[in-house]
2 protein chains.
Amino acid sequence: MTVELEKSPRPVGRLKIQKRADLVTEEIKQLITQKNLRPGDKLPMEKELQRLFSVSKSTIREALKSLEVQGLITISTGPTGGATIMEVPLERTFQLLQNYLFFKEVSMEDIYAARRLLEPELAAGSVPFLSDEQLAALEQNIQTCQPASQEPSLLVRQRQADLDFHDILAAANPNPFLRFACELINEMLRRLVVFSTQTPPEEHTRFGCANVKIHTEIAKAARARDSERVRALMKAHMEEASEYVKRLDGRLDGRLILDSEMAPRPRPLS
Amino acid sequence: MTVELEKSPRPVGRLKIQKRADLVTEEIKQLITQKNLRPGDKLPMEKELQRLFSVSKSTIREALKSLEVQGLITISTGPTGGATIMEVPLERTFQLLQNYLFFKEVSMEDIYAARRLLEPELAAGSVPFLSDEQLAALEQNIQTCQPASQEPSLLVRQRQADLDFHDILAAANPNPFLRFACELINEMLRRLVVFSTQTPPEEHTRFGCANVKIHTEIAKAARARDSERVRALMKAHMEEASEYVKRLDGRLDGRLILDSEMAPRPRPLS
DNA sequence: AAATCCGGTTTATAATGATAAATAGAATAG
DNA sequence: CTATTCTATTTATCATTATAAACCGGATTT
């Protein structure tokens, strides 16, 4: 089976001519959709793909690179090596989204405007689906968040641990879209929040205490499987947090996120 | 100025070794952040980049390809050619997001769960910022949406025109994050919705009429700069639409979106 | 004088071949 | 039986050459 690619620079139907490598990328994508390849399935190896599309090594290499950057495949060397379909990792998606938002000026309040709306619904929707492990993880998380020292770097780490609480809730929600939206918000807050060092540490500590308090209540209501109470508590939590954030002068540190920065976030158990 | 890249396979600090090309990609990203390059600025040409990072042609090519796929640069030939920084297009971001959602099973209702929450707030927030052109565009859009025929392909196109209404509202909102979230939702609905052909056309027409009616009211309230009324109307609109969608058996057509499909959406005037 | 053509220059794009590095699995030593 | 070394296979990287696209400026035409 050989797929024929248009070789001549397309008669210009007002469509911009595409590069060879990009055409091959699309062909491969169609192959994936067509043959309904699932994560774990393998693409033919480079040499075969070269033959299949009648292109050179460097072209097929670029095409594979494109798919790799998009997070659709991983490439490995050695026997049995080659391109393997994979489910696009959440982290990769975040990174690509950060590229988009790099040039926009997103403020903390902008994000909270969406967070206020989504989180209560997310939390309420998660309640019926929380496993015992997840409930335990919520309670466990509250312990780690107890405000201890006022050492600056520790304060930031604590704020980030706060966000783990919300990630655990998100993980339990059956709505993949809502889940994604909230995980995105958490990730942005986690990664980009740089609180002004001007802010007095007491303010931070107070923020931490308030969080622990309401998280405790939410965890309790979740154990009682009281969705409506969780929703109400989360709503209050979000409004309170909005206020704190305004005062804390949180701002987003807009820069390009590197792959090497993307690794080590402990995934909450699903 | 020459940047030295670690050449030896990194002493394995539990970090997975990265490919040369990916290291170069990161170096270039740092270059962009560091030198604060803005859209329109140019990267050095390939030969220079080769020298700068002491890598071969194909390696630098792969690195540039990576940045191109991420939407951060465009590459052109000719004397003034080379890599030019660009603002990541919204469409590219959508596409990369679709890759992520390709493997998840997102239902229509999943999306509407988020839409119900976000759209009323978005619309209300846009009201004070709507320009005369945008108000006119809203009213204009309602005209094009008047249900005419019941021809199947036309019905789908009409549903998509409905979404333009919401895109116009989104474009006026000053919150870039909320705007992005709603534009994403619109795009997903626009591109991926495939209504069951089982559904009787009358039902579609009724849906279209209901939309026109409430869009008309929303446009009127927007002209009157009545944010609260717009919020309330949009809330009702979303709830009504949710119900219709359930009955219409709308589902998402999960597949990989190709570059070639990404082009021709008329951007609403900002 | 303005527009068009045309060839040269610059740059990316594509192809090919050669060598290095990584890996899985078999063979082997302890 | 375990751990190590070996080997075959495949990608990763480099180097070189050829091709194609885009731009520039001068000559030619209108």
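Nothing here was measured: the structure is a model prediction, and the numbers come from that model.
Residue A:Thr59 is in sugar-phosphate contact alone, with no base atom involved, counting any heavy-atom pair closer than 4.0 Å across all strands shown.
Looking at B:Arg92 and B:Leu90, their side chains never come closer than 4.5 Å, going by heavy atoms from C-beta outward. Looking at B:Lys47 and B:Pro44, their side chains never come closer than 4.5 Å, going by heavy atoms from C-beta outward.
If you check residues 39-47 of chain A against DNA chain C, you find no residue with a heavy atom closer than 4.0 Å. Of the residues in residues 72-85 of chain A, those with a non-hydrogen atom less than 4.0 angstrom from any atom of DNA chain C are A:Thr77, A:Gly78, A:Pro79, A:Thr80.
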**Step-by-step salt bridge (charged side-chain N to carboxylate O under 4.0 Å, His left out) determination, B:Asp162 to B:Arg159** = CA-CA 5 Å; B:Asp162 280 355; B:Arg159 280 293 297 119; 3.1 Å; yes
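Heavy atoms only, all atoms of each residue included: B:Gly82 and B:Lys42 are closest at N-NZ, 4.1 Å. Residues A:Leu96 and A:Val69 come closest through the heavy atom pair CD1-O, 4.4 Å. What you find for B:Leu163 and B:Asn186 is that their closest heavy atoms are CD1-O, 3.7 Å. B:Arg38 and B:Ile85 get closest at one heavy-atom pair: O-CB, 3.6 Å.
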Pair up each side-chain donor or acceptor in residues 170-181 of chain B with any protein partner under 3.5 Å, not counting sequence neighbours, and list the distances.
| from | atom 1 | to | atom 2 | distance (Å) |
| --- | --- | --- | --- | --- |
| B:Asn173 | OD1 | B:Asn175 | N | 2.8 |
| B:Asn173 | ND2 | B:Leu122 | O | 2.8 |
| B:Asn173 | ND2 | B:Ser126 | OG | 3.4 |
| B:Asn175 | OD1 | B:Phe177 | N | 2.9 |
| B:Asn175 | OD1 | B:Leu178 | N | 3.1 |
| B:Asn175 | ND2 | A:Asp110 | O | 3.0 |
| B:Arg179 | NE | B:Asn173 | O | 3.0 |
| B:Arg179 | NH2 | B:Asn173 | O | 3.4 |

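The phosphate of C:dT13 has OP1 or OP2 within less than 4.0 Å of a side-chain N or O from B:Arg61.
The nucleotide whose nearest atom lies closest to any side-chain atom of A:Arg20 is, among C:dG17, C:dA15, D:dC14, C:dA15.
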